[in-house]
Each structure stands twice: as C-alpha cells, then as structure tokens.
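Comments concern the structure below.
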Number of protein chains: 2
Amino acid sequence: MNDVEIQDYPKTGRFLAGRLRSALDVGQKQRIEELIAETRTLANDETIIHAGETCDVSTILIEGFMLRTIEEEGERHAVSFHVPGDFVDMHCFALKRLDHNIQAVGTATIGLAPHDKIRDIMATDPDLARLFWFGTLLDAAMHREWIVKLGKLRAAPRIAHILAEISRRLDMVGLGDSGGFDTPLRQRDIADTCGITVIHANRAIKKLRELDLADVVRGRVNIPDRKRLEAYAKFHPQYLYGDSSELMRDRLG
Amino acid sequence: MNDVEIQDYPKTGRFLAGRLRSALDVGQKQRIEELIAETRTLANDETIIHAGETCDVSTILIEGFMLRTIEEEGERHAVSFHVPGDFVDMHCFALKRLDHNIQAVGTATIGLAPHDKIRDIMATDPDLARLFWFGTLLDAAMHREWIVKLGKLRAAPRIAHILAEISRRLDMVGLGDSGGFDTPLRQRDIADTCGITVIHANRAIKKLRELDLADVVRGRVNIPDRKRLEAYAKFHPQYLYGDSSELMRDRLG
DNA sequence: CGGTCAGTTGATGCCCATCAAAACCTGTGG
DNA sequence: CCACAGGTTTTGATGGGCATCAACTGACCG
C-alpha cells in the first residue's frame, strides 16, 4: 500500500489493500475504480441503509468510519465497524436486503457502485467476482473472531481488542499512525460494540488508561505500545487475512 | 422442501432448501448434485478441517450436526453450528485457508466438492456463483445475529435462542419435528457455543426446564411450545432469510 | 463391579447492570 | 465575551449473573 494507489485510484485505492489487492492487475483495479458511479458525504450518525430495505447499489467507504448496527427493543447493537477501503455492503448484492443498518460515525465519504455494474463483472471476470466474495468473507471472519472474544474476554480487554483491530486495519489501508489514531468514536459507540453499558465502558476505558495500554479521549485514541495492547487483548491478526501473514502467500487462481 | 428433492438429489437436496433453492431450475440442481465427488462418514468429534490449513475441496453436510470452533489457550469456542444441507466450508473456496476448525458432533455424513468444479461454475454460471455466495453470507448474517444476542441476552435465553434456531433451520431443510429434535449436542457443546461454563449452562438448562420452555436430555431436545421459546429467546427469524419471509420475495437475477 | 464421562448441586467472590447524580465539553445565541 | 442547553464523560452504591472450586449422582461399559 502506498500513496500511488490513492493517486491512481482515489475512490477504491484502499479496497483490500494489505490483503488480496496486490494480486490485481492494472486493468482490474481500473475496472473497480470505474464501478463507483457517484460519491457522497455523510453527516455524523447518518444511516445509509436501514435493516430490511432492498438496495441496488453497494457502498464503499472512502473516508471516515462507519458502523453496522442492529436495533432491538430500542437498543442499538453494533456488530462491526468499518475503516476506509471497506466495501461496507457488498453483501447486499447477493442478499438483496440487509438484516442491519449501516451508519456513519462522524462525517464520512462514500462511493456508490450500482449492482448492474457488479453483475457485469460477475459475468465476465470470475477472478474479480471471487475477490468481491473474499471481501465479504473477511467480514464473516471478523464476526467469528468477535464471537470468540465476546465469550472469552471481559469489558476492558474487549475494548482493547477493538482498538487493536482498528489500528491494524488502518495500517493495512495505508492510514497507519504509530501512537494511535484519530477517530470520532464515542464511548457510546464502543459500549454498543462491546455489548456493555456506557457506564461500564467508561470504567473499563479508565482501567486501560491506568494500565497505560490505551488512552481514549474525544476524537483520538493514543496507544503507547501496540504490542502490549495486543497482548492484553489476546489479539491475533490471522483472522484479518493480511498479506504479511506467512499463511497468506497463495493468492487468487 | 419435500421428499422428492431428496430422492432426486440425495446429496444436495437440502442445500438452501427453504431459501433460494426454489429459484433454481432442474439443470442447476443437477449441476450442484454433480459437484459432490465423494461422500464420507465422520465419527463423533472428528475434525475435517483445522484452522490454518489450506484446502481444495469444500464440504456439504448431508446428515448429522457439525460445529465451527476456534481454539484459544486450550479453550474451545464454538462460533456456529450446522444442520444438513449446509455447505459448511464453501467460504474456504474464496479464502483458501480457514480461521477455524470444522468438526462433527455425533456421527455425520458429508459430501466433498472439489474446488476446480466450483471454479468451473463460477466461470460459466454467474447465477449459481451468486447462490454459493449467498450461502456464505447467510453464515455472516447468523454470526451478526449471534453477536447481538451475546450482547443482549443472559445464559438461559441464549441457550433458548440456539435451540429455537436449530429447530427453525431443521424445518427449512425438511427435517422439522414438532415437539423438538434429536441431536447429539451435549451440554459441553451448548456451553462452548454460548460462551459460558458447562456448570452454568447446566443451571440455565435447568431453568429452561422449570419454565417448561425446553427440556434438554441426552440425545434429544423437547420443545413443548416453540412460540413461547422463541418469545423468551427474542428470536426473530428474519436473519435466516427464509422463503416464508414476505421480504424475501425477490430472487436471483 | 470399578472406571469413565455427562450431568447435577452448593458456596464464594468478581464482573457488570442499574439507578442516581455530578462534572465536563461544545456549540449556540445574546 | 458570557450564559445557557444538550450531549458526553465521570463517579458512587447496590444487586444479580456468572466463574470458579469442590463434590456428588447417574448412565453406560468392559
């Protein structure tokens, strides 16, 4: 991942960066870039898709953060979060309707890919089809890891895990920032993601601060030593299927 | 779903039954059936794929139950369970290696689909390609629902949710049994799935028994009134994307 | 009839939800 | 520049859920 990718492909240059993107040729990258018919800017908390709606475009997150949330009995549960480069609702192409909402956290910029263009790709480039598929399966892999962590970890390490994962994923798409990252995530969002109350999230964050593992302040997360944070969170990045993993040497085809 | 499907397609007749299967034509069903190069019988607890292994076949569960598990620090965590008709590791085709194990619970019969045959389908029938994709996205949808339930529900309703889901999924593939279902699931498996200890699982099961919601005995789960069980578990089947949902009327293409 | 494994029960302490309230930011308009 | 309002972060007190350690029962099997 380098800046050239973003110059050449300003809307989709981060898509699967650090993962299978390196297996794509120029023509394929160009074709993905041309998928994006339109870009939009989202306001804080704006929801682009509501659970149950059918859709005929898919959305790539270009800049900012987003959450997938499910409402139940008036409570919001966040099932996953997204960083730039994520095709946040590619699965909508195959599912036709979604079981959850997708909303911006802070302001965000998105690109829209009409499904008929994706259908063209499915019919003419099986390798790209498989790449899109791969992208949606990464979400499933992250869901699985999170299920394990929810069963295994208490509040503070859960939060540490979220922070460690965001940090790693930002790295993969070329937005790494040693020492932490800027984010509009609120304690409310962290609580909704970890399945705990805001109040308890606050105490757990305080604990991380006291342990000098992570400092969450408005708009910024400081991480003095990511290795220590990852150890505390029992974070093992294999499930992100990154390039750097020795196990991921074999590629498309 | 009816018995004719299983007579005509003994190995894959339950695949996506109750969901998009009804959108397939005879040629497509035949093509899926012919994917299965070989069948095998698995012993109790036998693991067919270990985390990290690459693979060049995918597996459909023909008879019995299976679990996806992730080991961490000697503890087994189950991230999902499977019923007949599930293509348990179709995602292995696009991911190449898996982040988890897949193992039988009790004895099970599976069918093996070589990846080169799947690749042929990807290249020649985009509708079937999309169907396979859809199948893997169902897993992701179930993962999301489970993440919400882990955040929202305590032990007893979690277990109730598992039981309700199994019951519904058996219905969809034509194995419904009003009053409950036979299963080799042990309390250990339920505990590993719910992220609780066996001891606490036992107490929660006792509670379900006392509430007359479900009776889990060796090899059998009795459900006197599924509606009541589902209400207690806050089970809402939309995430299973079943045919019966009004929202699912639109199909492939 | 002893061994093994699944299921069951009791006692203790920590984690987290809940109710309540205060301190703090941030943007707004006077 | 200050006052104010609304949302975010912080702290305290109380109770319930679950993990943990320990022990016992019952079923199946050689």
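Both backbone and side-chain heavy atoms feed into the values below; hydrogens, waters and symmetry mates do not. In what follows, every chain begins at residue 1, and chains take the letters A, B, ... in the order their sequences are listed.
Note on A:Arg186 versus A:Asp45: no salt bridge recorded, every NZ/NE/NH1/NH2 to OD/OE distance being 4.0 Å or above.
Within residues 194-212 of chain B, the residues that have a heavy atom under 4.0 Å from DNA chain D are, in order of number, B:Gly195, B:Ile196, B:Thr197, B:Ile199, B:His200, B:Arg203.
Distances shown here put a side-chain N or O of B:Arg154 below 4.0 Å from the OP1 or OP2 atom of D:dC18. Residue B:Gln187 places no side-chain N or O under 4.0 Å from the OP1 or OP2 atom of C:dC5. Taking 4.0 angstrom as the limit, B:Arg186 places a side-chain polar atom (N or O) nearer than this to OP1 or OP2 of C:dA6.
When rounded to the nearest whole Å, the span between CG of A:Leu150 and C1' of D:dG17 equals 17 Å. D:dT8 atom P lies 8 Å from atom CG of A:Asp45, rounded to whole Å. A:Arg220 has its CZ atom 21 Å from the P atom of D:dT8, to the nearest Å. Rounded to whole Å, atom P of D:dT8 lies 11 Å from atom CG of A:Asp192. As a whole-Å value, the separation of A:Arg218 CZ from D:dT9 C1' is 7 Å. As a whole-Å value, the separation of A:Lys152 NZ from D:dC18 P is 18 Å. Counting to the nearest Å, the C1' atom of C:dT26 and the CG atom of A:Asn44 are 13 Å from each other.
Atom NZ of B:Lys207 has 12 or fewer neighbouring heavy atoms from other residues, nucleotides or ligands inside a 6.0 Å radius. Heavy-atom contacts from other residues, nucleotides or ligands closer than 6.0 Å to CD of B:Gln187 number more than 12.
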Can you give the donor-acceptor pairs under 3.5 Å from side chains of residues 103-111 of chain A to other protein atoms, not counting sequence neighbours?
residue, atom, partner, partner atom, Å
A:Gln103, OE1, A:Arg76, NH1, 2.8
A:Gln103, NE2, A:Thr69, OG1, 3.4

Please list every donor-acceptor pair under 3.5 Å in which a side-chain atom of residues 193-200 of chain A meets a protein atom from a residue at least two apart or in another chain.
residue, atom, partner, partner atom, Å
A:Thr193, OG1, A:Asp189, O, 2.8
A:Thr197, OG1, A:His200, N, 3.2

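Listed here is the closest heavy atom pair of A:Glu72 and B:Val148: OE1-CG1, 4.2 Å.
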